[in-house]
Amino acid sequence: MKTPGMWIAMGGLAFLMVTGCSSKNVKSTSETGLSSSDGTSRDGGPGKGGGNALRGGPLSGFGKKPADESIAGTAPLMLSKADQPAMDSREARKTREDSRKKLLDIYFAFDRWGLSEEGKKNLSESAAFLREHPKAKLFIEGHCDERGSAEYNLALGEKRAKEARQYLSDLGIHNAVAVTSYGKERPACKEHDEACFSKNRRAHLLIEAD
């Protein structure tokens with residue numbers, strides 16, 4: 001049979017056990033370092049544990065200095081190597097399209113390859129476009145009317161193309177230039193009269209395709 005003294009002893013032991021568990025819980029919570037809005041930690045101490053860190057104190061675990069952590073300025077936009085050919089192709093295509101309006105045909109007298117004053121004027125205007133596009137590759141075709149043999153007209157067409165190239169060189173144009181002759185094989189006009197013949201005796205300038 002339990003005496004009153006035993007009941008008192010058992011109650012005291014239970015009280016000690018409850019008090020000990022409560023102390024451990026309080027200690028565990030305060031060590032998280034979280035502070036209230038007034039800078040005190042949850043255990044009531046002013047700025048204990050991590051409280052100073054949230055108020056501007058040093059943080060642990062960061063080895064870099066503030067200067068090392070600064071963000072560099074934004075780098076300029078760069079084209080990748082894969083994008084560059086596409087950009088070059090678009091630029092070349094635009095140059096060719098513009099050249100169709102700017103590069104003028106040069107016309108010649110019958111059985112002649114010397115430049116007329118009008119021909120020189122047209123080449124001077126074409127030279128202005130070529131100066132704006134110094135890397136453009138120029139192609140000059142020599143053409144003739146239908147009269148004469150095929151062999152003779154091929155030679156005459158070549159002389160006309162080379163004469164145009166030489167005049168551009170004299171004007172200071174340094175673009176790469178290729179010449180060829182089609183003789184009478186590619187007429188611009190197919191009627192059999194002088195009006196058409198005069199249109200076919202020409203040097204045709206164009207920007208060479210890639």
Next on the checklist: Using side chain to side chain contact (heavy atoms under 4.5 Å, CB included), reason through H204 and Y182 one step at a time and then give a plain yes or no.
Outcome noted: CA-CA 11 Å; H204 180 62; Y182 291 109; over 6 Å; no
Item to check | Reported NZ-to-CG distance for the pair K137 and L206, which is rounded to 0.5 angstrom | outcome: 13.5 Å
Next on the checklist: Testing the basics here: between A203 and A164, what is the closest heavy-atom pair and its distance to 0.1 Å?
Outcome noted: CB-CB, 4.3 Å
Checklist entry - How would you list, by chain and number, every residue that makes a ring pair (Phe, Tyr, Trp, His ring centres under 6.0 Å) with F139, sequence neighbours excluded? => result none
Checklist entry - Is it the case that more than 12 heavy atoms not belonging to E118 sit under 6.0 Å from its CD atom? => result no
Item to check | Spatial distance of atom SG (C189) from atom CG (D145) [nearest 0.5 Å] | outcome: 11.0 Å
Item to check | Side-chain heavy-atom pair F129, L138 within 4.5 angstrom cut-off | outcome: no
Checklist entry - Does a sphere of radius 6.0 Å around CZ in R147 hold more than 12 heavy atoms from other residues, nucleotides or ligands, not counting ones at 6.0 Å or beyond? => result yes
Item to check | Heavy-atom pair with the smallest gap, counting every atom of E141 and A161 | outcome: C-CB, 4.3 Å
Item to check | L168 reachable from F108 in the ILVMFWY side-chain graph, under 4.5 Å edges | outcome: yes
Checklist entry - Taking atom OG of S149 and atom CG of L156, what is their separation to the nearest 0.5 Å? => result 10.0 Å
Checklist entry - How close do L205 and D105 get, heavy atom to heavy atom, and via which atoms? => result N-OD1, 4.1 Å
Checklist entry - Distance-only, no hydrogens or angles: does the S169 side chain make a donor-acceptor pair with backbone N or O of R165 under 3.5 Å? => result no
Checklist entry - Taking all atoms of both residues into account, what is the closest heavy-atom pair of R186 and R202, and its distance? => result O-NH2, 3.7 Å
Next on the checklist: Keeping S181 on the side-chain end and A155 on the backbone end, is there a donor-acceptor pair under 3.5 Å?
Outcome noted: no
Checklist entry - Hey, quick one: are L123 and Y107 part of the same hydrophobic cluster, counting side-chain heavy atoms closer than 4.5 Å, chains of contacts allowed? => result no
Checklist entry - Out of curiosity, F197 CZ to K184 NZ, how far, rounded to the nearest 0.5 Å? => result 10.5 Å
Item to check | Close side-chain approach of L171 and R131, heavy atoms under 4.5 Å | outcome: yes
Item to check | Straight-line distance of L115 CG to K120 NZ, nearest 0.5 Å | outcome: 6.5 Å
Checklist entry - For the hydrophobic clusters of this structure (ILVMFWY residues joined by side-chain heavy atoms under 4.5 Å, transitively), does one cluster hold both I106 and L130? => result yes
Checklist entry - Hey, are Q166 and D170 close enough side-chain-wise for a donor-acceptor pair under 3.5 Å? => result yes
Next on the checklist: Let me check something: do I140 and L154 share a hydrophobic cluster, defined by ILVMFWY side-chain heavy atoms less than 4.5 Å apart, either directly or through other members?
Outcome noted: no
Checklist entry - In Å, rounded to the nearest 0.5 Å, how long is the span from CD of E146 to CG of N153? => result 10.0 Å
Next on the checklist: Quick check: closest heavy atoms across K199 and A188, and the distance to 0.1 Å?
Outcome noted: O-CB, 4.4 Å
Next on the checklist: Here's a test for you: under side chain to side chain contact (heavy atoms under 4.5 Å, CB included), which of K162, R201, K159 qualifies with W113?
Outcome noted: K159
